Each structure stands twice: as C-alpha cells, then as structure tokens.
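Small disclaimer: the values here were computed from a predicted structure and weren't measured. Just so it is clear, the values below take in all heavy atoms, side chains as well, and ignore hydrogens, waters and symmetry mates.
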Amino acid sequence: VGNAYLNAPTREKMWIVAGWEFGSNRGKVMLVVRALYGAKSAGASWHMMLAERMQDLKLQPSRADPEVWIRPMVKPDGFEYYDIMVLIYVDDILVCSHAPKGTMDALAKLCELKAASVREPMQYLAANIEKYQLPDGRVVWSLSSRNYVKNAVKLV
C-alpha cells in the first residue's frame with residue numbers, strides 16, 4: 001500500500017499553522033484529518049480502518065493472528081475450507097486465494113496500491129515465494145527464507 005497511514009482518518013486532535021507551502025493560506029490554523037507518520041495513533045488509525053474494510057469483505061481475523069484475515073466457506077459436499085486468506089503487516093498485504101483479483105480490486109478502491117506490486121507474489125516480508133511442482137505433478141506455492149538467510153550471513 002502506498003502512503004498507508006494517509007488513507008486513514010486520524011484518531012488524534014491535531015492542528016498545524018500552515019507554512020509557506022500552503023500559499024495564500026500561510027499562517028492559518030488547519031485541522032489535520034488524516035493519520036500522519038510519526039503521530040502516536042497513526043498505526044492504530046490505519047489498523048482500525050483496514051480492519052473495518054476486511055469485515056466489509058466478509059473476512060474475519062483468525063484466532064492465531066489478528067492480522068491474518070480469513071473467509072470460511074463450505075462446499076456443497078460439506079467440505080470446509082477458506083476461500084481467501086489475507087496476510088497484513090502494516091502496509092504489506094498478501095492475498096492468498098484461487099481468485100485474488102476481487103479482493104485486490106476492493107483494496108484498490110480503499111487505498112492506493114503500488115502498481116508494480118499487484119501481481120503474483122515473489123516475496124512477502126523477507127520470505128521468498130515461489131511455485132513448486134510436486135512429484136505427482138501438482139503445482140503448489142512455497143515459502144522459503146533463502147534470501148533472508150543469505151543476506152543475514154553476508155551481514156554477519
């Protein structure tokens with residue numbers, strides 16, 4: 001997400017005195033209406049707004065991690081599964097689904113997504129994400145710490 005906090009309304013009462021960059025409004029007292037990086041409640045404001053949108057998409061937080069959002073479904077034969085899983089770490093979002101486009105489109109209406117990042121994932125946080133073919137021919141997704149460990153070893 002680009003400029004994540006600026007997408008959320010602020011939870012604090014903040015004001016500024018407009019500087020030269022505000023042109024003819026210079027010197028006026030202005031109310032801040034969006035969460036700003038560095039403000040005490042900016043992270044909480046972003047989290048609350050995003051949580052509301054996840055609920056609008058009929059997703060619920062998982063029991064294990066409140067930043068992993070899931071939507072349980074049941075197939076006609078009674079098989080229970082999650083048709084979507086959304087992993088969120090501040091402004092990094094990974095959508096896991098057989099049809100992620102709908103969720104990504106809904107998120108794009110909510111906030112600006114970095115254009116180059118809306119694609120099949122290659123990395124999430126520090127983990128490599130790749131497709132892997134099993135011996136039986138099925139293709140699955142895998143996570144590895146290959147680059148993370150390589151960079152850690154290089155630093156040490």
Side-chain angles (χ1 to χ4, degrees), residues 1-14 16 19-21 32-75 79-156:
V1 176
N3 300 317
Y5 291 177
L6 298 179
N7 291 290
T10 186
R11 297 172 45 157
E12 297 177 65
K13 299 281 187 206
M14 293 189 296
I16 63 163
W20 62 268
E21 62 273 13
V32 176
V33 296
R34 292 286 174 208
L36 299 176
Y37 286 88
K40 286 182 185 179
S41 67
S45 295
W46 166 246
H47 171 79
M48 276 186 58
M49 188 208 58
L50 195 55
E52 288 171 6
R53 297 308 167 265
M54 291 293 110
Q55 290 170 348
D56 292 347
L57 294 172
K58 308 294 187 243
L59 293 159
Q60 61 192 40
S62 70
R63 290 182 187 165
D65 186 336
E67 297 302 329
V68 174
W69 293 81
I70 54 177
R71 184 168 52 211
M73 299 292 276
V74 180
K75 288 186 176 182
F79 180 76
E80 296 178 1
Y81 71 105
Y82 298 113
D83 82 322
I84 193 164
M85 183 181 296
V86 179
L87 290 73
I88 302 171
Y89 184 78
V90 186
D91 59 355
D92 291 325
I93 300 174
L94 177 65
V95 177
C96 305
S97 173
H98 63 278
K101 186 168 176 11
T103 303
M104 294 303 294
D105 289 346
L107 288 171
K109 289 179 185 173
L110 165 70
C111 52
E112 176 190 341
L113 301 179
K114 294 177 184 172
S117 69
V118 180
R119 57 173 162 60
E120 281 193 358
M122 295 183 296
Q123 190 174 25
Y124 182 66
L125 303 180
N128 299 73
I129 302 175
E130 314 173 301
K131 287 184 179 179
Y132 179 78
Q133 187 166 6
L134 297 174
D136 67 3
R138 289 182 296 151
V139 176
V140 297
W141 289 95
S142 70
L143 274 162
S144 82
S145 58
R146 182 182 63 250
N147 286 355
Y148 177 81
V149 171
K150 189 167 116 180
N151 290 332
V153 168
K154 192 185 306 181
L155 286 173
V156 175

Rounded distance (nearest 0.5 Å) linking atom CD of Gln133 with atom NZ of Lys131: 11.0 Å

Where the side chain of Ser62 meets the backbone of Asp65, is there a donor-acceptor pair that is under 3.5 Å apart? yes

In a check of side-chain contact (heavy atoms from CB on, under 4.5 Å) between Arg11 and each of Lys40, Met48, Met49, which one passes? Met48

What distance separates Leu6 CG from Cys111 SG, expressed to the nearest 0.5 Å? 11.0 Å

Heavy-atom pair with the smallest gap, counting every atom of Trp141 and Pro121: CZ3-O, 3.9 Å

Checking Leu57, Ile93, Ile70 against Val86 for side-chain contact (heavy atoms from CB on, under 4.5 Å), the one that qualifies is Ile93

Thr10 and Val32 have their tightest heavy-atom pair at CG2-O, 3.4 Å

Side chain to side chain donor-acceptor pair (under 3.5 Å) filter on Arg34, not counting sequence neighbours, yields none

Measuring from Asp83:CG to Lys75:NZ, what's the distance to the nearest 0.5 Å? 10.5 Å

N/O donor-acceptor pair under 3.5 Å between Glu12 side chain and Ser41 backbone: yes

With Tyr37, which residues qualify under ring-ring contact (aromatic ring centres under 6.0 Å, His included), at least two apart? Tyr5

Rounded to the nearest 0.5 Å, what's the gap from CD on Gln123 to CG on Asn128? Could you check? 6.0 Å

Positive for side-chain contact (heavy atoms from CB on, under 4.5 Å) with Leu125, one of Asp92, Leu87, Leu94: Asp92

First locate atom NE2 of His47, then atom CD1 of Ile88, and finally report the distance between them rounded to the nearest 0.5 Å. 8.5 Å

Smallest separation among heavy atoms of Val95 and Pro100, with atom names: CG1-CB, 3.7 Å

Spatial distance of atom CE (Met122) from atom CD (Glu130) [nearest 0.5 Å]: 11.0 Å

